[in-house]
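Scroll down for the structure; my scribbles are underneath it.
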Amino acid sequence: SFFTMKETDREAVATAVQRVAGMLQRPDQLDKVEQYRRREARKKASVEARLKAAIQSQLDGVRTGLSQLHNALNDVKDIQQSLADVSKDWRQSINTIESLKDVKDAVVQHSQLAAAVENLKNIFSVPEIVRETQDLIEQGALLQAHRKLMDLECSRDGLMYEQYRMDSGNTRDMTLIHGYFGSTQGLSDELAKQLWMVLQRSLVTVRRDPTLLVSVVRIIEREEKIDRRILDRKKQTGFVPPGRPKNWKEKMFTILERTVTTRIEGTQADTRESDKMWLVRHLEIIRKYVLDDLIVAKNLMVQCFPPHYEIFKNLLNMYHQALSTRMQDLASEDLEANEIVSLLTWVLNTYTSTEMMRNVELAPEVDVGTLEPLLSPHVVSELLDTYMSTLTSNIIAWLRKALETDKKDWVKETEPEADQDGYYQTTLPAIVFQMFEQNLQVAAQISEDLKTKVLVLCLQQMNSFLSRYKDEAQLYKEEHLRNRQHPHCYVQYMIAIINNCQTFKESIVSLKRKYLKNEAEEGVSPSQPSMDGILDAIAKEGCGGLLEEVFLDLEQHLNELMTKKWLLGSNAVDIICVTVEDYFNDFAKIKKPYKKRMTAEAHRRVVVEYLRAVMQKRISFRSPEERKEGAEKMVREAEQLRFLFRKLASGFGEGVDGYCDTIVAVAEVIKLTDPSLLYLEVSTLVSKYPDIRDDHIGALLAVRGDASRDMKQTIMETLEQGPAQASPSYVPLFKDIVVPSLNVAKLLK
């Protein structure tokens, strides 16, 4: 310590020297030495004063601490003495405490007796209260019955709690109390049973006797409060009375849910075997019941329940869930096509429509947008696939049956019916398109997508059907040609078949216009040209068959043309005109587009047959007089035919007079008196009718009967040099006329 002080002094001196050296750097600072000395003296006095104060303070603290330690030591000695005295007293009194056990038992017994005395009145009146409660339950006075039941339970629970509190391990006494109040649980169950019965009929009760429903809800609310109170006490004491918690509110919702499910399942009154419309009836009853029930719940039931029960929201969820389950069950059954449609229409449209959940009386509480789908998209898709598959089979079967039925009509002895315009028709197009229409209307109820799919299906099947229709019409024609006496009304039914083609065309267009948003929808438009082609082919073959009928009757009269008999005054053309006109009176029942083509074709064929008669060389004129007479007769008959076909074509706004001009042109070649002009006349004929061939010219010259072999050769060779070009609108007349080759050979010899 001494050395430390020495060291400290040295450091102080060194520091002082350093400071003095710092102050006296310049000579002029020596004048201030006295000033510096006084300042340093003041600083030293200040530091010493502070040092003294600090040392004094520490000394005072040490003195106080020593005094407190001395006092504490005295206190500890006093406590030690007191503890020794207590220990001595306790050892002396231990025997006295053991002798007080009897007093303790007396206190417990007194407490039990006090509780018993307190509940004595209730205990003695338990059997009577039980009887009264039972009577009140039977009378339907549920609130009063519940009040008495609460008194019984309160007495029982109070006694049991006291017993539990005093001696929780004493099960014998607990069992004794429980046994004495044994009827209480039975009464509680009986009352609950009555409550559930009221709740099961709540939708009826709320209209007839709402106070009864309110009473039930009040009882449930009371029980809920008691449950809550007992559960709170359990946390503190661990005691729970028997039969608690009752959870009657939870049971109430379970009962309501079961009631809703039973109500929906119980609406199916019929089966498929007893009623084909069982599902439609079942769904309609569900719709009506659910809507009525929810309206009652919204308007009346909510007034009988506390707001926190959210009774309408809960009932809505119950109905929705029960409906979903029921729809799933129905979807899993082996449904027919019409039943699938009924189910999907109901699920996808009716349920969310104003007829049900969107009904104004349910707004705004029911928001359709928040309801889950009744059927999952997967189930809906499976049902649609099944429907399309069944529908395809059904349409094929229906179309086949419709055609078979129509074919039976074709052989009837009576004429077919006519439409309002007098055109013959059969019921086939109406049946087919009525069937299509029904299926499309049904599909449209479900969705736009299904409607389009069904339309595509109908048109595809229509295509296949028309091919079969074409084959059957062809067979009908062939069978008739084998025996023209049968069927009796062949012409009329063939006309009906032709007219059906036009009806089919119009119906297809109408159907697509009605059920397609735009013509370009995939898979639909391409079928139209194909079907139009088949229908035109059926009509064309039908018209051809009818004309075949006409020309079979005209055959012998056409064979008379350009013969000696004809030249001498045959009336073959008169008969031909009368026969054609007679047939065309029947053909008036053919619809315009086909009748127009048929008239033109009949005109063409009559002219071709006339020209064929010329080319057959049945006559060879021997003199200019004969040629003149024959040619003039040809011209008269051409005019006669022209008049006939103008008359027949009068309703179409246009006729084809040019066909008869061909007969006149041929007559001009025959009539020509100057043989030197023959080449010119023939070349004019060839330029007008480019399909005329050499053998036709040869036959024509042979009919004239005055052309020399050289002249024929010259005409033939000249004509061969430049065949004439046909105009696009030219209808060939000579192309199909065959000249007998043997006669040509003889002629050229």
Side-chain angles (χ1 to χ4, degrees), residues 132-150 153 186-227 245-269 282 284-323 325-326 356-357 359-366:
E132 288 174 2
T133 309
Q134 186 71 50
D135 291 343
L136 288 168
I137 290 172
E138 287 171 5
Q139 291 162 19
L142 302 181
L143 272 176
Q144 292 161 276
H146 185 247
R147 172 58 63 195
K148 291 193 174 291
L149 176 65
M150 284 167 67
E153 288 180 340
L187 285 174
S188 177
D189 294 342
E190 186 62 35
L191 180 64
K193 192 174 170 185
Q194 293 299 316
L195 300 186
W196 308 152
M197 282 172 64
V198 173
L199 284 168
Q200 283 167 355
R201 303 182 70 253
S202 55
L203 289 159
V204 177
T205 307
V206 77
R207 282 180 275 198
R208 294 182 183 170
D209 186 6
T211 51
L212 179 58
L213 186 60
V214 171
S215 298
V216 169
V217 176
R218 283 178 63 189
I219 291 167
I220 291 168
E221 267 296 272
R222 284 178 189 169
E223 289 294 342
E224 283 294 298
K225 284 177 184 171
I226 295 168
D227 277 353
K246 289 187 180 179
N247 293 323
W248 276 8
K249 181 181 174 185
E250 187 182 319
K251 285 177 185 170
M252 176 197 81
F253 281 115
T254 305
I255 294 293
L256 286 173
E257 193 170 351
R258 200 179 307 141
T259 306
V260 167
T261 304
T262 308
R263 182 150 171 81
I264 285 169
E265 287 176 352
T267 54
Q268 186 177 338
H282 179 40
E284 176 55 23
I285 292 169
I286 288 177
R287 183 198 69 77
K288 192 173 183 311
Y289 280 13
V290 171
L291 181 60
D292 289 350
D293 290 357
L294 288 176
I295 289 170
V296 168
K298 174 178 175 280
N299 296 332
L300 301 176
M301 278 186 74
V302 290
Q303 298 172 23
C304 302
F305 288 80
H308 66 271
Y309 274 52
E310 295 186 312
I311 192 66
F312 181 74
K313 181 183 173 185
N314 280 302
L315 274 172
L316 178 64
N317 289 336
M318 287 174 198
Y319 273 100
H320 184 75
Q321 192 52 52
L323 284 171
T325 305
R326 183 63 187 144
M356 206 166 172
M357 290 305 186
N359 190 286
V360 288
E361 292 198 55
L362 295 179
E365 280 79 358
V366 178

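Since the model is a prediction, treat every value here as computed from it, not as a measurement. Residue indices begin at 1 and follow the sequence shown.
By the side chain to side chain donor-acceptor pair (under 3.5 Å) test, D227 is found to be paired with R244, residues two or more places apart in sequence or in another chain being considered. For V302, the side-chain contact (heavy atoms from CB on, under 4.5 Å) test picks out I311, F312, with sequence neighbours left out. The side chain to side chain donor-acceptor pair (under 3.5 Å) check on N317 picks up nothing, with sequence neighbours excluded. Residues that satisfy the side chain to side chain donor-acceptor pair (under 3.5 Å) test with E361, not counting sequence neighbours, are absent from this structure.
Side chains of M356 and L323 form a contact here, defined as non-hydrogen atoms less than 4.5 Å apart. Counting heavy atoms from C-beta on, the side chains of Q321 and M318 never come closer than 4.5 Å. Within the 4.5 Å cutoff, side-chain heavy atoms of L291 are placed close to those of L362. Put simply, the side chain of C304 does not reach to within 4.5 Å of the side chain of Y309, judged on heavy atoms. Contact check for Y319 versus I264: side-chain heavy atoms found under the 4.5 Å cut-off. Between R147 and R222 there is a side-chain heavy-atom pair separated by less than 4.5 Å.
Remark: R201 CZ to L213 CG distance equals 11.5 Å, nearest 0.5 Å. Atoms OG and NE2, on S188 and H146 in that order, are 7.5 Å from each other to the nearest 0.5 Å. Atom CG of residue L195 and atom OG of residue S215 lie 10.0 Å apart, to the nearest 0.5 angstrom. To the nearest 0.5 Å, atom CG of residue L256 and atom CD of residue Q200 are 9.0 Å apart. Note that CZ of F305 and CG of N314 are 10.0 Å apart. Values are rounded to the nearest 0.5 Å. Taken from NZ in K288 to CD in E284, the straight-line distance is 8.5 Å, to the nearest 0.5 Å.
Aromatic ring pairs are classed by plane angle as parallel below 30°, tilted from 30° to 60° and perpendicular above 60°; the pair W196 and W248 is perpendicular.
Among pairs with a residue in residues 250-266, those fulfilling side-chain hydrogen bond (donor to acceptor under 3.5 Å, both in side chains) read R263-D293, at least two apart in sequence or across chains. The stretch residues 202-215 participates, sequence neighbours left out, in no salt bridge (Lys or Arg N to Asp or Glu O under 4.0 Å) pair at all.
More than 12 non-hydrogen atoms from other residues, nucleotides or ligands lie less than 6.0 angstrom from CZ of F253.
Between E221 and R218 there is no salt bridge, since none of the side-chain N atoms of the basic residue sits less than 4.0 Å from a carboxylate O of the acidic one. Remark: K246 engages E223 in a salt bridge, criterion side-chain N to carboxylate O under 4.0 Å.
Heavy-atom minimum distance, L199 versus M252: CD1-CG, 3.3 Å.
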Candidate pair L316 and K298, rule side chain to side chain contact (heavy atoms under 4.5 Å, CB included), full reasoning:
CA-CA 10 Å; L316 178 64; K298 174 178 175 280; over 6 Å; no
